[in-house]
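Right, one structure below, let's go through it.
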Number of protein chains: 2
Amino acid sequence: MRHKEGNKGKDIIEAAITCFAKKGYHHTKIIDIAVLANVAVGSVYVYYKDKEDILLKIFKNLWDSIYFKISELSKNSNLSPEKMIAAMIDDLFDAFIENPNIAIVFVNEQPQIAKISRTFYNKLYERYLDIGEEFIKKGIEKKIFSQEFNIKTFRIFIFGAIRHLIHHWAESNGKVSLSKIKEDVKYLVKNGILVR
Amino acid sequence: MRHKEGNKGKDIIEAAITCFAKKGYHHTKIIDIAVLANVAVGSVYVYYKDKEDILLKIFKNLWDSIYFKISELSKNSNLSPEKMIAAMIDDLFDAFIENPNIAIVFVNEQPQIAKISRTFYNKLYERYLDIGEEFIKKGIEKKIFSQEFNIKTFRIFIFGAIRHLIHHWAESNGKVSLSKIKEDVKYLVKNGILVR
DNA sequence: ATTATTTTTGAATAAAAGTTCAATATTTTT
DNA sequence: AAAAATATTGAACTTTTATTCAAAAATAAT
């Protein structure tokens, strides 16, 4: 079999991330992606079924890597619930720190991809949140966390908050520090706004 | 001058909200809106410049009403910072409780409208967040709120969290109670997750 | 009742963009 | 070196949908 030099599939994905971040999924033309990836329009369709398929693969790659990281940590370490929640927030942020464009695509096109297939999309990040929920439960049992609030709400709350913060950061072009934001979030999650 | 019976402009906006919520802005055709509003395709263009203009007006109406409510309260009452923040969360949620479809459009199409004009879009809700920031500052001064966290981060954090929760609720078709979520949010904002 | 004005219509138009595929180029095999 | 296999191409095709506008309908004015 013929050996492929380079990796057009990857080039196309990366070009797509850049385009989607800059112009949004719907305003990105296949030819935009092709030009940036240095391939012909037709090649895009050799590597991906259609435009939707590209977006889908971007999300899949993202969540696979986030989940893998946190899953390893959960298995191989023995962190307290408090430390584990902090680590999860760290890893999630870090994934986006590595690639701001993915952060923008993540926030902007999430509804789009959820519309394609709710079930498929949920599966992508549910595993991650499941781990979070597991450790929140442990924290409540051990009386480290408050008994008062609904665990499902927290789950969604924290996810939404982070999603929005990342969006804000990614669009600000580094004018705000994501590391600082990350610390603020961890503090706020732990302590709320009331002085103690 | 001829007297108009009914209100086609309003019919069109309401039909658009329903369509955008169900299928998303980009997947909604003008004819979908026209059929639901019981008007001809051409009429849509009599009342609105183009498709974008409809989305724009939806957001404008929404934020105008939210801001008006909270602005009146801020002027005419003398609530403590803590109570005021709670009231702002209440009013924001209530706007969406009144119309779940607006909640879905709000969350899904926000990036879309921000792309049209960042400046215009920001103006829509900045006034609301400004009031929030004002009361957070007061709370910090009065030592009711913690001195530790960044006020800007809080501002964005809370906004994003609420945005996401509303989305979740709107899409769940009432399977979760928004009133319950609202209370959870207020508690979480106040106290964080650590037991005290 | 007739004319003028305003509102509504929807078929026709135009523009845009996703997708295909026969032809070409490149690499591997014999 | 020729043939076979695979990869790449981009112009042409197709589909989709936003927008227009001349005509018709409805209402108001004379």
Side-chain angles (χ1 to χ4, degrees), chain A residues 1-59 105 108-109 111-117 120, chain B residues 1-59 105 108-109 111-117 120:
Chain A
M1 205 190 77
R2 183 183 162 186
H3 167 71
K4 282 192 284 183
E5 55 181 77
N7 190 337
K8 291 207 166 40
K10 207 180 166 203
D11 292 348
I12 290 165
I13 279 270
E14 270 161 17
I17 289 170
T18 306
C19 291
F20 291 165
K22 197 181 291 173
K23 316 168 72 171
Y25 175 79
H26 281 287
H27 291 127
T28 296
K29 296 169 224 158
I30 299 296
I31 197 168
D32 295 336
I33 299 172
V35 166
L36 193 63
N38 257 307
V39 299
V41 169
S43 296
V44 175
Y45 287 89
V46 172
Y47 289 87
Y48 300 95
K49 189 176 147 283
D50 52 24
K51 195 179 169 189
E52 237 170 32
D53 188 39
I54 303 173
L55 187 61
L56 217 112
K57 295 266 161 66
I58 292 172
F59 274 74
V105 176
N108 286 346
E109 313 305 341
Q112 171 62 27
I113 205 138
K115 222 156 257 144
I116 296 169
S117 165
F120 170 81
Chain B
M1 205 190 79
R2 183 183 162 187
H3 168 71
K4 284 194 284 183
E5 55 181 77
N7 190 338
K8 290 210 167 37
K10 207 181 166 204
D11 291 348
I12 291 165
I13 279 270
E14 271 163 15
I17 290 170
T18 306
C19 290
F20 292 165
K22 199 182 290 175
K23 316 167 74 171
Y25 174 79
H26 280 288
H27 291 128
T28 295
K29 298 168 223 158
I30 299 296
I31 197 170
D32 294 336
I33 299 171
V35 165
L36 193 61
N38 257 308
V39 300
V41 169
S43 296
V44 174
Y45 288 87
V46 172
Y47 288 88
Y48 301 95
K49 188 177 148 284
D50 51 25
K51 196 179 168 188
E52 238 170 31
D53 188 39
I54 303 173
L55 188 61
L56 217 112
K57 295 269 163 66
I58 292 172
F59 274 74
V105 176
N108 285 346
E109 313 305 341
Q112 170 63 26
I113 204 139
K115 221 155 258 147
I116 296 170
S117 166
F120 170 80

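Scope of the values below: all heavy atoms of this structure, side chains included, with no hydrogens, waters or symmetry mates. Order of the sequence lines fixes the chain letters, A, B, ..., with proteins taken first and strands second; residue numbering starts at 1 for each chain.
The NE2 atom of B:His26 sits 11 Å away from the P atom of C:dA17 (whole-angstrom rounding). Atom CD1 of A:Ile12 is separated from atom P of C:dT19 by 14 Å (rounded to the nearest Å). Between B:Ile30 atom CD1 and D:dT16 atom P the separation is 17 Å, expressed in whole Å. In this structure, CD1 of A:Ile31 is placed 11 Å from C1' of D:dA11, rounded to the nearest angstrom. The distance between atom CD1 of A:Ile33 and atom C1' of C:dT19, rounded to the nearest whole Å, is 13 Å. Remark: P of D:dT8 and CG of A:Asn7 are 10 Å apart, rounded to the nearest angstrom. Regarding B:Lys29, its NZ atom lies at a distance of 16 Å from the C1' atom of C:dA16, rounded to whole Å. Summarising the geometry, the separation between NZ on A:Lys51 and P on D:dT15 is reported as 19 Å, rounded to the nearest angstrom.
Out of D:dT8, C:dT8, C:dA17, the shortest distance to the side chain of A:Val46 is found at D:dT8. The side chain of A:Lys8 sits closest to D:dT9 out of D:dT9, D:dA18, C:dT9.
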Give the table of side-chain donor-acceptor pairs shorter than 3.5 Å for residues 33-40 of chain A, with sequence neighbours excluded, one pair per line with atom names and distance.
none

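Base pairing annotation: C:dT30 forms a Watson-Crick or G-U wobble pair with D:dA1, both donor-acceptor distances under 3.5 Å.
Under the 30°/60° scheme for interplanar angles, the aromatic rings of B:His26 and A:His27 are found to stand perpendicular.
Here B:Lys22 pairs with nothing under the side chain to side chain contact (heavy atoms under 4.5 Å, CB included) rule; sequence neighbours left out.
Taking the ring axis of A:Tyr25 as reference, the NZ or CZ atom of A:Lys51 stays within 45° of it and closer than 6.0 Å to the ring centre.
Residues A:Ile13 and A:Tyr48 form a side-chain contact, since some pair of their non-hydrogen atoms from C-beta on lies under 4.5 Å apart. Proximity of A:Phe59 to A:Val105: side-chain heavy atoms (C-beta onward) are separated by under 4.5 Å at one or more points. Taking 4.5 Å as the limit, every side-chain heavy atom of B:Glu52 sits out of range of all side-chain heavy atoms of B:Lys57.
Taking a 4.0 Å limit (strictly below) on heavy-atom distances, residues 36-45 of chain B reaches DNA chain D at B:Val41, B:Tyr45.
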